[in-house]
Structure formats: C-alpha cells, structure tokens
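Working notes, structure below.
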Amino acid sequence: MPDGPGAGCPVAPVSEGRGAVPSAVPPHTPALLVIDMQNTLVAMAYRAAGTVAAIARLQERARAAGAPVVLVQQGDEELEPGTDGWRIVPELAPAPGETVVPKAAPDSFLDTELDAVLRARGTTEVVVTGFATEICVESTARQALSRGYDVVLVADGHTTSVRTGPGPYAAPEVSVAHHNEIYRNLRYPGRRVRVLPAADVDFGGGAPAAAG
C-alpha cells in the first residue's frame, strides 16, 4: 500500500494558471435505443399503442436533432427471422441508414455489434426504450451502465406483457412503475442515470448536468 500523506485518496486537481488551456469537456452525445418492438411482442404488450406512440415521437425528435437511432431485434425459435411476427412494428421502422442490431439474448450487448455501433457514433448516453421492462430493457440498461454509458430510462417508453390472471409476476403497470422507481434511485459511480418522460428527453446535445 502506498505511504505518505494522502496515500490511497484522490488527489485534488491543480488549479489552472493564467494562460493555461482549459481542460476539454467531451461532447455529450445521446443515442435512442429501441429494443424488440416487434409485431409479436407489441401484440402482447401492456399499453402498447401509447408506448409505440411515445417511441415514435422520440424517433422523430432524435432524427431532427441528428442523434443516432439504433433498433434492436430479437431472433430466436419464437421470433424466427424473416417472419411477420419478427418484424419491427411499422410505426417504428428504421429510416434509411439507421442500424438494426440482431440479438438472441436479453442483453442487447451480448454477442452483438451494439457497443461498436454506439461507440462509432460517439455515443455517451443511451436513451432506453422498448420491450420487455423486466427482461431485455432491464438487462440492456444495466449493461450500458457497466460499459460506461450514461442512461436515460424513458418512463413511458418501455413496457411488458399483459398478465392473464393471478400469478407470480407483478401486474404490468406495477412492473413498469417499479423499474422506473429503481432507476430513479440507482447510483453508478461516474454515470448519470435518469428516468424521464418521453416529452422531456433532449437530443440537442450540450454537456451533461452533474450527476444526481
């Protein structure tokens, strides 16, 4: 263990003297991430029409601001690639030039090109939307934080499946509210974690506000 005063403690930054070049602030670049908004899944989703409409408005604003829009598309034995159920709902279809990242697991980063796609666009903050709240949305948001991104969870932009009768799963409205509250109180060192309604998400750039 190092010896001496301040050993093991953060060192206070040295003040910049007259004529010193100020430290550069890295640009803040958000990207909109749309997870698994596919025909079969949206058909079983809670508050489907409202969620699709909220994400569609975010897509419009992100495109107008020049922010990346990246869609993720699950493919497996239940969502066979090329079938109608596997396709992204028409209201959220990618615009020309936008990236669709195929995946096969709840974590959208696992064995996919998502991280490379985001880094190639200079992304520092991921605006997370999609299906399903407790599975692919949650897994992806946590991985984004672990990989160094700030995260915005869009409060009205993620959803889960409708529950048919009593069972061990929380009701969909409870699950959505629960995860929003978890992320309002989640702290990751060096990351900014926010929960915002779609109407309050800003794709205009600028330096991020201080964490907390």
Side-chain angles (χ1 to χ4, degrees), residues 28-38 41-65 67-74 88-89 91-92 101 103 106-109 114 118 123-163 169-188 190-212:
H28 175 58
T29 307
L32 176 62
L33 186 62
V34 181
I35 301 170
D36 295 357
M37 293 299 285
Q38 297 160 253
L41 303 178
V42 172
M44 68 175 71
Y46 163 70
R47 202 172 40 82
T51 305
V52 169
I55 298 172
R57 290 192 293 269
L58 287 169
Q59 285 180 324
E60 291 175 4
R61 287 169 31 220
R63 289 162 182 160
V69 175
V70 180
L71 299 96
V72 178
Q73 189 173 27
Q74 178 76 12
I88 294 165
V89 294
E91 299 93 327
L92 304 178
V101 175
K103 72 176 179 67
D107 172 9
S108 300
F109 290 93
L114 180 57
L118 294 173
T123 301
T124 62
E125 179 176 73
V126 181
V127 178
V128 180
T129 68
F131 183 96
T133 296
E134 322 86 335
I135 306 174
C136 299
V137 171
E138 159 68 4
S139 299
T140 300
R142 295 280 181 144
Q143 276 300 312
L145 290 166
S146 293
R147 290 169 182 262
Y149 299 98
D150 295 334
V151 164
V152 172
L153 179 64
V154 181
D156 52 345
H158 64 96
T159 188
T160 188
S161 56
V162 173
R163 322 295 195 207
Y169 289 107
E173 65 275 16
V174 173
S175 185
V176 170
H178 171 79
H179 282 80
N180 286 341
E181 192 62 21
I182 289 291
Y183 274 77
R184 286 188 186 100
N185 293 281
L186 195 62
R187 299 290 180 267
Y188 267 62
R191 313 285 189 274
R192 183 171 65 155
V193 186
R194 297 181 293 161
V195 178
L196 298 174
D200 290 352
V201 175
D202 179 16
F203 293 103

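Shortest non-hydrogen contact noted between Leu92 and Val52 is CD2-O, 3.7 Å. The two residues Val176 and Ala155 make their nearest non-hydrogen contact at CG1-O, 4.0 Å. Counting all heavy atoms, side chain and backbone alike, Ala198 lies closest to Leu58 at O-CD2, 3.6 Å. Contact detail for Leu118 and Ala31: the closest heavy-atom pair is CD2-CB, 4.0 Å. Shortest non-hydrogen contact noted between Val126 and Ala144 is CG2-CB, 4.4 Å. In this structure, Val128 and Val151 approach most closely via the heavy-atom pair CG2-CG1, 4.2 Å.
Considering only heavy atoms from C-beta on, Ser139 stays 4.5 Å or farther from Phe109 through its side chain. Within the 4.5 Å cutoff, the side chain of Asn180 has heavy atoms near those of the His158 side chain. Within the 4.5 Å cutoff, the side chain of Asp36 has heavy atoms near those of the Lys103 side chain. No side-chain heavy atom of Arg191 sits under 4.5 Å from any side-chain heavy atom of Leu186. Contact annotation: the side chain of Glu173 never approaches that of Ser175 to less than 4.5 Å [non-hydrogen atoms, C-beta and beyond]. When side chains are defined from C-beta on, Phe203 counts as touching Leu32, because their heavy atoms get closer than 4.5 Å. Side-chain contact check for Met37 versus Leu71: every heavy-atom pair is 4.5 Å or farther apart. By the 4.5 Å heavy-atom criterion applied to side chains, Leu33 and Leu114 are counted as neighbours.
Gln143 and Ser108 share no donor-acceptor pair across their side chains, judged by distance under 3.5 Å alone.
Asp156 has no carboxylate O lying under 4.0 Å from a charged side-chain N of Arg47, or vice versa, which leaves the two without a salt bridge.
Proximity of a side-chain donor or acceptor of Thr159 to a complementary backbone N or O of Ala48 within less than 3.5 Å is not detected. Formation of a donor-acceptor pair under 3.5 Å by the Thr123 side chain with backbone atoms of Pro30 is not found in this model. Judged purely by atom type and a 3.5 angstrom limit, Glu91 has no side-chain atom pairing as donor or acceptor with the backbone of Ala56.
A side chain to side chain contact (heavy atoms under 4.5 Å, CB included) with Leu196 is found for exactly one of Leu153, Asp202, Val152, Val127, namely Val152.
In this structure Glu138 satisfies the side chain to side chain contact (heavy atoms under 4.5 Å, CB included) test together with Arg142, His179, Tyr183, sequence neighbours excluded. Every residue meeting the salt bridge (Lys or Arg N to Asp or Glu O under 4.0 Å) condition with Arg194, not counting sequence neighbours, appears here in chain and number order: Glu125.
Applying the salt bridge (charged side-chain N to carboxylate O under 4.0 Å, His left out) test to pairs two or more places apart or on separate chains, none has a residue in residues 48-60.
Atoms OH and OG1, from Tyr149 and Thr124 in turn, are 9.5 Å apart once rounded to the nearest 0.5 Å. Between atom CD1 of residue Ile135 and atom CG of residue Asp107 there is a gap of 13.5 Å, rounded to the nearest 0.5 Å.
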